[in-house]
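Let me begin by presenting the structure, written as structure tokens, before commenting on it.
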Amino acid sequence: MPISEDVVVVGGGVAGSVAALAAAETGASVRVVTYKKSTLRHASGLIDVLGYTPDGDAPLADPFEGLDALPEGHPYHIVGEEGIREGLATFDDVVGEEYLGAHTDANALVPTHGGAVKPSARYPKAAAGGVASDDRDMLLVGFESMTDFEASLAADHLDAAGVPFEVSGVTIEFPRSFRADAKLTRFAKALDTDEEVGGRGTREALASAVEPHLDGAERVGFPSLLGDDHRHEVRADMEAYLGAEVFEVPMGPPSLPGLRLEDLLFDALDEAGVRISSGNKAVGYETDDGEISAVVVDRKGREVPYHAGAVVLATGGLVGKGITSSREGIREPLFDCYVPHPDDRYDWFVEDAFGDHPFTSFGVSPDDRLRPTRPDGHAEFENLFAAGGVVGGANVAAEKSASGVSLATGVVAGREAGESA
């Protein structure tokens, strides 16, 4: 039987997942095609909408107040404030009580593993105790076997940033001994199952190792490894043992908060009846009268057409390989969509390593329906829509807007695809 859906979404990250959910809400049948693991496992799990404007040095208290300062062609100007709020509402429905921040437009200032403070519109409940607007004293705890989080250094960075509380850091041994290259999930599992250590559980043993270093701190931050399936129970037990609020510090890859978010998104896709084809790479497409009729997928060396009434391209930017570069230029590799960029590759960047590099905003140029356009401004294909990092016009790393752009463009592109299929 030929594979046929109303909408095929290529890419399984935040943008692709939200696009699939939005398309399914229109009543369309939807399939997500994803090849590799999503970049969520490399992400902090924080949801940023807009942390900084191009000309602003201070973090934005309200991301919506900075929208007018964004450059022409920014994805937010295409989807509008309504699209941003719709994307956030979809996200809130997916994550439920696992995330906080939906009660206000204000950004929360959430410390990260390097001691930076990130303006975030939504943040995991497990990270709530660490927000920098709280004036309670803080202790950060690192582990000798984990080099990704130097607690004392992170504490020094927070102090230098002028946070309104005393913060200190300590490095201790984790109660269980693991191989030097043990995965983060191994630590989480030991706390999930509360494995016995010297006649007591891992949670109690860990709290006992931390307690001598509290020195009056009312909240304690650990790397984001405090359990997975039983994470709420782990934190509650740790708080009871320590007599202080316990929170997780968002980490780099591999990121448990990112993996948890991925699980929540895929559970929502399953509940919405979205079909998921994972491990299969989209390698081409078929057309019919100016529209895409099928996405061609490599299934163990056999090219199979996935027929669709509409397609959402959500393959990511330069990091996710949704946009590729070579000496010949910048291109979108699947549908060969036009990516505006200077012909001279030396104009893709500036000399200042921390400057405003043009390549950071490379991506397809969408019309007002989020369809990638050709140089003449006309849509590449009538039924192809784009979402997330593949969309150009935003320096999401500098703006701290990656998740917001993915949510907003995802929900709009998915709805447009579903309604046009």
Side-chain angles (χ1 to χ4, degrees), residues 39-52 56-60 63 99 101 107-124 126-134 136-172 174 181-185 187-188 210 213 217 219-226 245-261 319 352-357 360 395-404:
T39 54
L40 278 170
R41 63 195 55 238
H42 303 295
S44 66
L46 300 175
I47 300 299
D48 45 14
V49 168
L50 186 63
Y52 297 86
D57 295 326
L60 287 167
Y99 272 71
N107 279 324
L109 299 176
V110 183
T112 65
H113 67 287
V117 177
K118 187 175 184 182
S120 300
R122 303 289 189 272
Y123 49 97
V131 293
S133 55
D134 190 330
R136 292 176 298 165
D137 290 348
M138 175 189 294
L139 171 67
L140 298 177
V141 178
F143 301 115
E144 291 182 356
S145 54
M146 289 185 59
T147 58
D148 292 343
F149 180 54
E150 177 53 60
S152 295
L153 183 61
D156 288 344
H157 287 171
L158 283 173
D159 186 58
V163 292
F165 50 83
E166 294 294 324
V167 55
S168 59
V170 62
T171 299
I172 63 173
F174 193 80
D181 60 348
K183 294 181 178 179
L184 201 68
T185 50
F187 293 85
V210 172
H213 304 282
R219 49 185 175 152
V220 183
F222 293 86
S224 51
L225 50 71
L226 298 181
E245 185 169 4
V246 169
F247 66 93
E248 290 186 330
V249 179
M251 299 289 291
S255 166
L256 266 180
L259 290 168
R260 295 167 186 160
L261 178 54
V319 174
D352 181 2
F354 300 100
D356 186 12
H357 297 281
T360 58
N395 184 347
V396 296
E399 297 167 0
K400 306 303 179 193
S401 63
S403 300

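Only heavy atoms go into these numbers, but all of them, side chains included; no hydrogens, no water, no symmetry mates. Small disclaimer: the values here were computed from a predicted structure and weren't measured.
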Heavy-atom closest contact (Ala121 atom, Asn107 atom, distance): N-OD1, 3.6 Å
Separation of Asp48 CG from Leu60 CG (nearest 0.5 Å): 12.0 Å
Closest approach of Pro111 to Ala132 (non-hydrogen atoms, all atoms of both residues): CD-N, 4.3 Å
Test item: Met138 and Phe247 side chains (from C-beta on) under 4.5 Å apart, heavy atoms: yes
Sub-4.5 Å side-chain heavy-atom contact between Leu256 and Glu248: no
Glu150, CD atom: more than 12 neighbouring heavy atoms under 6.0 Å: yes
Separation of Leu158 CG from Glu166 CD (nearest 0.5 Å): 12.0 Å
Check: Arg260 and Pro124 side chains under 4.5 Å, non-hydrogen atoms: no
Closest heavy-atom pair and its distance - Val49, Pro63: CG1-CB, 3.9 Å
Heavy-atom side-chain contact between Asp134 and Phe165 under 4.5 Å: no
Expected output: side-chain Arg219 to main-chain Arg136 donor-acceptor under 3.5 Å: yes
Geometric class of the Phe174/Phe143 ring pair [parallel <30°, tilted 30-60°, perpendicular >60°]: perpendicular
Working for side-chain contact (heavy atoms from CB on, under 4.5 Å), residues Met146 and Leu225: CA-CA 11 Å; Met146 289 185 59; Leu225 50 71; 3.3 Å; yes
Closest non-hydrogen atom pair, Ala108 against Tyr123: CB-CE2, 3.4 Å
From CD1 (Ile47) to CG (Leu261), nearest 0.5 Å: 5.5 Å
Smallest separation among heavy atoms of Val141 and Phe149, with atom names: O-CE2, 3.3 Å
Flag, side chain of Ser255 to backbone of Ala43, donor-acceptor distance under 3.5 Å: yes
Least distance between heavy atoms, Val170 atom then Ser152 atom: N-OG, 4.2 Å
Euclidean distance, Ser401 OG relative to Leu50 CG, rounded to 0.5 Å: 6.0 Å
Side-chain touch Phe187/Pro223, heavy atoms, less than 4.5 angstrom: no
